[in-house]
Amino acid sequence: MNKKMKIIISGGGTGGHIFPAVSIANELKALMPECEIQFVGALGRMEMERVPAAGYPIIGLPVMGFPRKLGLKTIKFFINLLKSASLAKKIVKDFKPDVAVGVGGYASGPVLRAAAAKGVPALVQEQNSYAGITNKLLGKRVDKICVAYDKMDRFFPKEKIVLTGNPVRKNLLDALNLKTEASEFFQLDEKKKTIIVVGGSLGARSLNESVLNSIDKIKNSDVQVIWQTGAYYYKEIAKQMETIDCPNLQVHEFLSRMDLAYAAADLVISRAGAGTISELCLMRKATILVPSPNVSEDHQTKNAMALVEKDAAILVGDVEAKEKLIRCAIELVDDDKKIEELKANIGLLAKPNAASDIAKIVIELASK
């Protein structure tokens, strides 16, 4: 194409949607430095800060999630949906994109519907093993659907599906050989096994309760534990830990160097978000997944089961985590044979070139 390519990327709501969106944008810029990228997100959601911080312009729509209970919020939902649909049409009309990309999240629906209605080629990136309602509906209208799991023709037309994997943070690729640096950064004993417990930037109540309930088990073991509590729980937990002596347990509000955390870990305990799973595959980490019960359509359990069925991860249910999780982790990390088996199997699922592959499909659609 001779003219400057113009691309809309819509969606967000969580880091799991925003990181892939920005990764795709960065790859598009690497392949076509002159292309113009316009993000569209949901007002009040984290993409309105994270996307500009990554160097891209963003427009916010007043779209919101469907309320769990009927009431005034339901009325507001439909009013905001109509406003968002109208604004999305205007954005598409004014920006005149050559292609539209949806990464999931509230804003994807109105924008991709508006783009498809104008005949703009469109692509959806479905990160989970169980497609959400919005993406299932959009699948009928868009030209390509980039997925991270097998058997997604349960939800989408088979001829539109491309297995690309989920984009991950680029600095993770460099962390595979940083074990010594990671040990120094976290002041670890390289001769001892290390478990990392991470429940996302805000934290995960059941993971935190599991650690608090097993302080004695950790203290009496020969493992080192790095524990990210998350911002929501940190102050309360830090206060509790002031009176607890457990030298082989580190408490962090947030792990600023996730690359080094992965490098240090012999075993990772985590929720089962799509982005996190893609990172764990890339890093070839033995993993215990504790799916969050607070997500739509229980998609984290489905994500986890896609790995468990290939003997690439262990699943511990959220309701049983408090009593079982840390005991299971300490036993597992000392089983070298099982750890190596999990690492080998999860590594087979890695898609390190996902962002680049998706970007190339976006360019191909726009060129047509």
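Since the structure is predicted, the reported quantities are computational estimates derived from the model, not experimental observations.
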Inset, instruction - Test side-chain contact (heavy atoms from CB on, under 4.5 Å) on Thr194 and Phe186 and set out the steps. - result: CA-CA 11 Å; Thr194 300; Phe186 288 106; over 6 Å; no
Inset, instruction - Apply the side chain to side chain contact (heavy atoms under 4.5 Å, CB included) test between Ile37 and each candidate in Ile8, Ile24, Leu28; give the one that qualifies. - result: Leu28
Hey, is the main chain of [Y] close enough, under 3.5 Å, to the side chain of [X] for a donor-acceptor pair?
X: Lys96; Y: Lys93; value: yes
X: Asn220; Y: Asp216; value: yes
X: Ser129; Y: Lys302; value: yes
X: Lys179; Y: Ala264; value: yes
X: Thr134; Y: Gly109; value: no
X: Asn80; Y: Val63; value: no
X: Glu126; Y: Ala131; value: no
X: Asn213; Y: Lys322; value: yes
X: Lys193; Y: Val333; value: yes
X: Lys6; Y: Phe95; value: yes

Inset, instruction - List, by chain and then residue number, the residues other than Leu72 in its hydrophobic cluster (Ile/Leu/Val/Met/Phe/Trp/Tyr, side-chain heavy atoms under 4.5 Å); write none if there are no others. - result: Ile75, Ile79
Is the number of heavy atoms from other residues, nucleotides or ligands under 6.0 Å of [X] [atom1] greater than 12?
X: Glu341; atom1: CD; value: yes
X: Gln187; atom1: CD; value: no
X: Arg327; atom1: CZ; value: yes
X: Leu163; atom1: CG; value: yes
X: Glu49; atom1: CD; value: no

Examine the side chains of [X] and [Y] and answer whether a donor and an acceptor come within less than 3.5 Å of each other.
X: Arg271; Y: Ser206; answer: yes
X: Glu36; Y: Gln38; answer: no
X: Tyr56; Y: Asn26; answer: yes
X: Thr164; Y: Asp357; answer: no
X: Asn166; Y: Gln125; answer: yes

Got a second to check how far [X]'s [atom1] is from [Y]'s [atom2], nearest 0.5 Å?
X: Ile196; Y: Gln228; atom1: CD1; atom2: CD; answer: 9.5 Å
X: Leu289; Y: Thr301; atom1: CG; atom2: OG1; answer: 10.0 Å
X: His252; Y: Arg257; atom1: NE2; atom2: CZ; answer: 13.5 Å
X: Gln224; Y: Ser183; atom1: CD; atom2: OG; answer: 7.5 Å
X: Ile269; Y: Ile288; atom1: CD1; atom2: CD1; answer: 5.0 Å
X: Cys146; Y: Lys351; atom1: SG; atom2: NZ; answer: 12.0 Å

Legend entry - Lys219 and Asp245: CA distance, side-chain angles, deciding distance, side-chain contact (heavy atoms from CB on, under 4.5 Å) verdict: CA-CA 8 Å; Lys219 185 176 179 178; Asp245 177 36; 3.8 Å; yes
Heavy-atom side-chain proximity of [X] to [Y] below 4.5 angstrom:
X: Ile339; Y: Leu332; value: yes
X: Phe39; Y: Val111; value: no
X: Ile346; Y: Cys281; value: yes
X: Pro121; Y: Lys144; value: no
X: Tyr262; Y: Leu255; value: no
X: Ile330; Y: Lys217; value: yes
X: Leu188; Y: Ile226; value: yes
X: Val211; Y: Leu249; value: yes

Count I, L, V, M, F, W, Y as connected when their side-chain heavy atoms are under 4.5 Å apart, and connections chain through other members. Are [X] and [Y] then in the same cluster?
X: Val308; Y: Val316; value: no
X: Leu315; Y: Val319; value: no
X: Met305; Y: Val268; value: no
X: Leu138; Y: Ile133; value: no
X: Val103; Y: Val162; value: yes

Over all atoms of both residues, closest heavy-atom pair of [X] and [Y]:
X: Lys151; Y: Arg154; answer: O-NE, 2.9 Å
X: Lys160; Y: Gly139; answer: NZ-O, 3.0 Å
X: Ala88; Y: Leu61; answer: N-CD2, 4.3 Å
X: Glu47; Y: Pro52; answer: O-CD, 3.6 Å
X: Ala274; Y: Asn303; answer: N-ND2, 3.7 Å
X: Asp311; Y: Lys338; answer: OD1-NZ, 3.1 Å

Inset, instruction - Measure up the Tyr130 and Phe155 rings against each other and bin them: parallel (under 30°), tilted (30 to 60°), perpendicular (over 60°). - result: perpendicular
Legend entry - Lys/Arg N to Asp/Glu carboxylate O, Asp222 vs Lys192, below 4.0 Å: yes
Inset, instruction - Could you tell me whether Asp266 and Lys343 make a salt bridge, using a distance below 4.0 angstrom between a side-chain N and a carboxylate O? - result: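 No, no charged N to carboxylate O under 4.0 Å.
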Legend entry - Derivation of the side-chain contact (heavy atoms from CB on, under 4.5 Å) call for Asp143 and Leu123: CA-CA 6 Å; Asp143 301 272; Leu123 175 150; over 6 Å; no
Inset, instruction - Take Asn208 and Arg205, measure what side-chain contact (heavy atoms from CB on, under 4.5 Å) needs, and give me the verdict at the end. - result: CA-CA 5 Å; Asn208 290 338; Arg205 180 185 296 277; 5.9 Å; no
